[in-house]
Structure formats: C-alpha cells, structure tokens
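Single-structure report; data block below.
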2 protein chains.
Amino acid sequence: MADSNNKDTVKKILDVAESLFAQKGFRETSLRTITSKAGVNLAAVNYHFGSKEQLIQAVFARTLTPFCDALEKRLIEHVHSGEKHYTLEELFDVLVLTAAQVYGGDVSRFTLFMRLLGLAYTQVQDHLRAFLSENYGSVFKRILVHIKMAAPDMPPKELFWRIHFSLGAAVFTLSSYETLREIMAEDYQVNISLDGTMKRLIPYMASGIRADVID
Amino acid sequence: MADSNNKDTVKKILDVAESLFAQKGFRETSLRTITSKAGVNLAAVNYHFGSKEQLIQAVFARTLTPFCDALEKRLIEHVHSGEKHYTLEELFDVLVLTAAQVYGGDVSRFTLFMRLLGLAYTQVQDHLRAFLSENYGSVFKRILVHIKMAAPDMPPKELFWRIHFSLGAAVFTLSSYETLREIMAEDYQVNISLDGTMKRLIPYMASGIRADVID
DNA sequence: GTATGTTTTAATCAAGCGTTTGAATTATTT
DNA sequence: AAATAATTCAAACGCTTGATTAAAACATAC
C-alpha cells in the first residue's frame, strides 16, 4: 500500500478542486482541468473518490468536519461551564474565532471556502444539500438554540427571518470578499483584511437582529 | 415579417429561459431544454438572440430596464421636488414599491428574478457582469448617493460595507424565498407573503446600517 | 526475489453541449 | 398571383464532458 504517494495524490486533488470549484463553480470545473492542474491522471479522481459528486462532498468535509467539531465542543463547554448565555456579539465572535482556529491564519483558503458555502446555496447540487444537512444539520440546530437564548424577547418567527437575513449578509459578503477587497482598494484607497470584514459584520448583524419589531 | 409569430417565439423563449435559469443556473440549463419546453425549434435561440450569452442578457434586460427606468424617474423627481432627503426606511420603501409596480403583483416572477440576480453574483458569467454594469451601473450609483444622504454621519468605508451586507441579506433572502416560505409554514404554521418579507427586511437593514461604529 | 495488492497510466466510450446549415414553410410586399 | 423576405425545421458538425477499461508501474510482504 503506497500510502505516501496515495495521500499526495488525494491531497493534491482536494487542494486544486477546492480552489477551482470556488473560482468557477462545480459544473463549470471539469475533472480534466482539476487533474491536469494537480499533475495527476484523469482517472485518479474516480479511483480515489468514486465520482465527481463524492469529490465535491470530500472538499466540503475536509473543512467542515473539523470546524463543526471544534464549534460544537466550544458551545457544549460553555453550557456546562454554567456561565451566562452568550450575547449575540459573543456568539458571533465564537464563530469567527473557531473559523480562524480551523484555518490557522490561511485567509485565502478561508475565503475560498466561504465562496464554496455560497455556491452550495445557489448552485443546484441536490446531493450536496443532502450531504450537508445529514452531516452538519445538528450543529446548525445547536447554534440556533444559542441565538434564541441571546435574543429571548424576539418573537420566534421574526427571529427566524432575521437569522436568515444575517446568513445572507455573511455568506454573500464573505463569498465575494476578494472582489469587494479590490473595489475597496480602488475606490477608497484602503486595504481591508478578512478579519476586519468579519468584525464589521458582527455589529451589523447583531443590530439588525435586535431591530424594533413593528408588526 | 411575421411579427406576431416572431414575438410569440421570442416571448416563449424568454419566459422559459427565465424560469429555468433561475431554477438551475445558466450553465446547467441547455438550449435544448429551453427550446423543447418552450415548444420551439432548437435553432430559434440562435436565430432570434444570436447566442446563449445574448439570451441570458435579454432575460435580464427585460425586467431590469423597466425597473431601473421607473426607479431613476422616482429618485430624480424626489430631488427636484425639494422635499427632505429620504430616510433609509423611505428609500428602501421606494425600491420595494418600484419593484412591485414593475412586476404588477406577479410574485413568483419577482422571486424568480431575485434568484437570477443572486446567480449573476455567484456564477461566472463575465459577459453578464460587463453587460449589467454597462447598462445599469449609473442607476446603482444614483441609489448610493441617496443612501449617503440618508446616513450622513456614517464613514464612507463603513457605509460601503454595510450596503453590501444589506445587498447580501436581500438577495439571499428573496432568492430563496420559496424555500423559506415552506420552512415557515412547516415549522411555525404561518403563511408569509413576499410583501411581508420585504417589509421585514427594511427595519433589519436600516438598523444594521445605523449600528454604532466601533472601529 | 517472487508474489500480491495498490496506484497510475493512456486510450476509449457514450452522452450532451452550442452552433451552423440549407431546405421547407410561412408571411409580407408588389 | 408572383416575388421577396422572414421564420421554422431536421439534421449534422465539432467539441467537451464524466466515466471505464486493461495494461503498466509501483510498493509491500513473505
């Protein structure tokens, strides 16, 4: 079993696929482009992953699994610690911190992945949606519980909407981060960081969620 | 010149293409699917529009042109009227009203188009981005001016970010409106309307944009 | 050093794509 | 009614796609 070479090929494919999927989308990235750019044979994808669909899922799992595990651990620990509920800002901070921890400072890979997450919402990949909800749905539900504790006075329906508004703001912004960065540099002569962008998102989302309910 | 039949074919193609593009994306919708569903010949697209790319642009133009014209007219009129600047809420209301006017109550077509707008951001279609910015960039800039008047104390960079956060919230929410509606009905036994959703977006975005700047 | 299982390779397959073509059909003009 | 222009049609073209195959190369174990 040539494990060293094996892992090389698998990793090379995952790296290139992640990058190309984020740049072009799933459908518009061919296995030929991936394998040639990774310097491996065309058949390697089907050999190591089974199919293109399973490669897509593997790309998500590689990042999502450690992130969700780390996040779940933090959330559970906080409940067990007996400390006060998170505020919205604290909760969002935990998300950002956990993301930073998992990515270990590799900003461009993080933005790449946020783009992928955005694509997962907008591109038709039924197998992906099923895969994500099956494997990571429970963590999402756990976050929901913490948001509800942070905004106890908000009517549940209203809260539901505003969480989705926030999700949209975050996914949309982070997935088009590279473009926005360029515009920012051109129009405002300012270089912004990903960290800074996420920090800016937090007060926006928190304030939006807490807005007065008119109804 | 068989104009009546011509317009029929053109309209049939546009209707079907709009719907399919919104459901599946541009790349994953083939001309064969469009033409067969529209009941016209495969070659009709290339005959009437020139290419698939130009068909995509035509789908956007059909809705965007009347919308932007109507919006521009309203904004200019308000400036000339000498009344006070719009508040953020009033400005967003104008956007919603104009959209409703252009769509004339056809909610499903409106949400369809919002999905398309979301796709335009996330799918790689350089020709589309160029087409949109060339034809509708001036209207976008005009809206920016009004937002700046509505939030005069906000530092321009911060405002820039928050506008994009809001754009993300709106596009994301409205483009997945149908799905959210189903979840809402299931989990909360409530039927929500598109109008109601947009109305809910307004205080969220306005409050988010006005959040305290920490810097 | 031979045997065994794993990985890589090049070639090929069937299917789907956007586009083009030239003839047939339909509508308009004279 | 004849001539002309616009539209529709079926068929084909060249190309790219994901997947499969059988042979070659490689690593590991005995």
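Side chains are part of it too, since the values below use all heavy atoms of this structure and drop only hydrogens, waters and symmetry mates. Letters A, B, ... mirror the listed sequences (proteins, then strands); counts begin at 1.
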Report the nucleotide, chosen from [options], that has the shortest atom-to-atom distance to any side-chain atom of [X].
{"X": "B/A43", "options": "D/dC9, D/dA19, D/dT21", "result": "D/dC9"}
{"X": "B/N41", "options": "D/dC9, D/dA6, D/dA11", "result": "D/dC9"}
{"X": "B/S51", "options": "C/dT19, D/dT17, D/dT7", "result": "C/dT19"}
{"X": "A/L31", "options": "D/dT7, C/dT19, D/dG18", "result": "D/dG18"}

Taking for A/R27 and for A/Y47 the nucleotide of DNA chain C with the nearest heavy atom, the one nearer the 5' end belongs to A/Y47
Measure [atom1]/[X] against [atom2]/[N] and give the value in whole Å, please.
{"X": "A/I13", "N": "C/dT8", "atom1": "CD1", "atom2": "C1'", "answer": "11 Å"}
{"X": "B/E28", "N": "C/dG16", "atom1": "CD", "atom2": "C1'", "answer": "14 Å"}
{"X": "B/H127", "N": "C/dG18", "atom1": "NE2", "atom2": "C1'", "answer": "13 Å"}
{"X": "A/L42", "N": "C/dA10", "atom1": "CG", "atom2": "C1'", "answer": "10 Å"}
{"X": "B/N46", "N": "D/dC9", "atom1": "CG", "atom2": "P", "answer": "15 Å"}
{"X": "A/K52", "N": "C/dA15", "atom1": "NZ", "atom2": "C1'", "answer": "15 Å"}
{"X": "A/F26", "N": "D/dT17", "atom1": "CZ", "atom2": "C1'", "answer": "18 Å"}
{"X": "A/F49", "N": "D/dT20", "atom1": "CZ", "atom2": "P", "answer": "16 Å"}

Please work out if A/T29 contacts a base, only the sugar-phosphate, or nothing of the nucleic acid, heavy-atom cut-off 4.0 Å. sugar-phosphate
Which heavy atom in B/L116 sits nearest to a heavy atom in B/F60, and how many Å separate them? O-CZ, 3.5 Å
Nearest heavy-atom neighbours spanning B/Q101 and B/A70: NE2-CB, 3.8 Å
So for A/R32 and D/dG18, does any side-chain atom that can act as donor or acceptor lie under 3.5 Å from a complementary atom in the base? yes
Taking only the side-chain nitrogens and oxygens of [X], find out if one of them lies under 4.0 Å from OP1 or OP2 of [N].
{"X": "A/H48", "N": "C/dT6", "value": "no"}
{"X": "A/T9", "N": "C/dT7", "value": "no"}
{"X": "B/S30", "N": "C/dC17", "value": "yes"}

Parallel, tilted or perpendicular, judged at 30° and 60°: which one describes the rings of A/Y86 and A/H78? parallel
Does a side-chain heavy-atom distance below 4.5 Å link A/H80 with A/E77? no
B/D15 with B/R109: basic N within carboxylate O range, under 4.0 Å: no
